[in-house]
J.: 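Below is one structure. I have some questions about it.
What you see is a predicted model, and the numbers here were worked out from it, not measured in a lab. Excluded from the calculations below are hydrogen atoms, water molecules and symmetry mates; all remaining heavy atoms, backbone and side chain alike, are included.
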Amino acid sequence: MTLKHLIMMISLLIAVMAIPQAHAQLGILNDLLGSVNIQGTVSCTSNDNNVAAAIPGFSNAQVQLQCGEKVFSDATTDGDGMFSMMVNPLLYDLSSLLSGCNLVIPTPLSKCNSNLPSIGGLISTLRYVGLSHVGTETIANMEPSGFHFKPSV
């Protein structure tokens, strides 16, 4: 066996050994998921909207999924303040979504109520709420854990 063949065999062996490790890092759950659905309601308030049942929804607000400084997905709320966005789990795995991403509402609160601040916005971490099945696709469902005001978003 020549040195060239030996180097090629070692390179091939290293590449084959790396495949299972990359698969293990993503986790089996990511292989089974078709997508991640993030949905919720944004209320027109600067307080935690999980307890604000009588407060109207924040319509036409931009909702961004931010992981670090990067926006991975976005949506706009409907007339009742509800939004839904689908995220490909290959772009960001579930554990990273839960630990390193936030839902950010950069639309100023003054857009829904002139008595609220015109700078800053709302922010929330994510909460996993379970799996659902649509045909043969498995979807992981997430929601905001509770929006709160942040002076600069």
Side-chain angles (χ1 to χ4, degrees), residues 12-113 116-153:
L12 182 61
L13 182 61
I14 290 171
V16 168
M17 290 172 50
I19 291 171
Q21 184 174 0
H23 179 76
Q25 287 174 347
L26 289 175
I28 289 178
L29 186 56
N30 274 351
D31 291 341
L32 302 174
L33 292 177
S35 55
V36 176
N37 181 35
I38 303 171
Q39 63 183 17
T41 303
V42 181
S43 295
C44 186
T45 180
S46 59
N47 297 322
D48 185 348
N49 69 14
N50 281 340
V51 295
I55 296 173
F58 190 167
S59 64
N60 296 315
Q62 183 182 16
V63 181
Q64 298 176 337
L65 174 64
Q66 288 187 1
C67 304
E69 297 298 316
K70 186 173 181 182
V71 175
F72 273 88
S73 187
D74 66 338
T76 302
T77 59
D78 67 11
D80 296 322
M82 296 175 66
F83 71 93
S84 180
M85 66 177 73
M86 298 298 276
V87 179
N88 184 337
L90 297 177
L91 295 176
Y92 228 69
D93 65 78
L94 288 177
S95 62
S96 296
L97 281 170
L98 291 168
S99 64
C101 298
N102 292 303
L103 290 173
V104 175
I105 314 298
T107 307
L109 291 169
S110 60
K111 295 284 186 184
C112 68
N113 182 336
L116 293 173
S118 59
I119 57 168
L122 300 173
I123 190 167
S124 175
T125 57
L126 293 167
R127 173 175 43 212
Y128 173 75
V129 292
L131 295 174
S132 59
H133 302 280
V134 177
T136 59
E137 187 176 10
T138 301
I139 299 171
N141 297 298
M142 294 185 179
E143 66 183 10
S145 61
F147 287 103
H148 62 276
F149 181 72
K150 186 173 180 185
S152 62
V153 290

J.: What distance separates S124 OG from L126 CG, expressed to the nearest 0.5 Å?
T.: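 It comes to 6.5 Å.
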J.: CD1 of I119 to CG of L109: how many Å apart, nearest 0.5 Å?
T.: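 Atom-to-atom, I119:CD1 and L109:CG are 11.0 Å apart.
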J.: Can a donor-acceptor pair be found, under 3.5 Å and without considering hydrogens, that links the side chain of S118 to the backbone of S110?
T.: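 Not confirmed, S118 side chain does not pair with S110 backbone.
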J.: So P106 and Q64, do their side chains get closer than 4.5 Å, heavy atoms only?
T.: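 With C-beta onward as the side chain, the pair touches.
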J.: Start with the C-alpha distance between S35 and E137, add both sets of side-chain angles, then the distance that settles side chain to side chain contact (heavy atoms under 4.5 Å, CB included), and finish with yes or no.
T.: CA-CA 8 Å; S35 55; E137 187 176 10; 3.5 Å; yes
J.: Would F83 and D78 count as a side chain to side chain contact (heavy atoms under 4.5 Å, CB included) here? Give the steps.
T.: CA-CA 7 Å; F83 71 93; D78 67 11; over 6 Å; no
J.: Ignoring hydrogens and angles, tell me if any N or O in the side chain of T125 forms a donor-acceptor pair with the backbone of N102 under 3.5 Å.
T.: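 Not at all, since once roles are kept as given, no pair shorter than 3.5 Å links the two residues.
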J.: Would you compute the distance between atom SG of C101 and atom CD1 of I38 and round it to the nearest 0.5 angstrom?
T.: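 So the SG of C101 and the CD1 of I38 are separated by 7.5 Å.
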J.: Determine whether T107 and F58 make a side-chain contact, defined as any pair of heavy atoms from C-beta on separated by less than 4.5 Å.
T.: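 Counting from C-beta outward, T107 and F58 do come under 4.5 Å.
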J.: With distance as the sole criterion, is a donor-acceptor pair present between the side chains of N37 and S84 under 3.5 Å?
T.: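 Their side chains do contain a donor-acceptor pair, which is all the 3.5 Å distance test asks for.
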J.: Quick one: closest heavy-atom pair of I55 and S43, and the distance?
T.: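 Answer, listing the atom of I55 first, then S43: CG2-CB, 4.1 Å.
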J.: Does the side chain of S59 come under 3.5 Å of the side chain of T77 through a donor N or O and an acceptor N or O?
T.: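 The answer is no; no qualifying pair exists.
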J.: Identify the heavy atoms of G40 and P144 that sit nearest to each other, and give their distance.
T.: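 Scanning both residues completely, I find the closest heavy atoms to be CA-CD, 4.0 Å.
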J.: Would you check, one step at a time, whether the test side chain to side chain contact (heavy atoms under 4.5 Å, CB included) holds for M86 with I139?
T.: CA-CA 9 Å; M86 298 298 276; I139 299 171; 4.2 Å; yes
J.: Rounded at 0.5 Å granularity, tell me how far CD1 in I105 sits from NZ in K111.
T.: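 The distance works out to 15.0 Å.
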J.: How long is the span from the NE2 atom in H133 to the OG1 atom in T138, to the nearest 0.5 Å?
T.: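 If we round to the nearest 0.5 Å, H133:NE2 and T138:OG1 are 4.5 Å apart.
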J.: Do the non-hydrogen side-chain atoms of M85 and V63 ever get within less than 4.5 Å of each other?
T.: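 Yes, at least one pair of side-chain atoms sits under 4.5 Å.
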J.: Mind checking the CG-OG1 spacing from L122 to T45? Nearest 0.5 Å is all I need.
T.: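 Nearest 0.5 Å value for the CG-OG1 distance: 8.0 Å.
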J.: Report yes or no: does D80 contribute a side-chain atom to a donor-acceptor pair with the main-chain N or O of M82 at less than 3.5 Å?
T.: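 Answer holds: no.
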J.: Say whether, by atom type as modelled, one donor and one acceptor occur between the side chain of S73 and the main chain of L65 under 3.5 angstrom.
T.: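 Looks like no, no N/O pair under 3.5 Å.
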J.: Show your reasoning for whether side chain to side chain contact (heavy atoms under 4.5 Å, CB included) applies to L98 and M142.
T.: CA-CA 9 Å; L98 291 168; M142 294 185 179; 3.9 Å; yes
J.: Give the intermediate values and the outcome of side chain to side chain donor-acceptor pair (under 3.5 Å) for residues S132 and N141.
T.: CA-CA 7 Å; S132 59; N141 297 298; 3.1 Å; yes
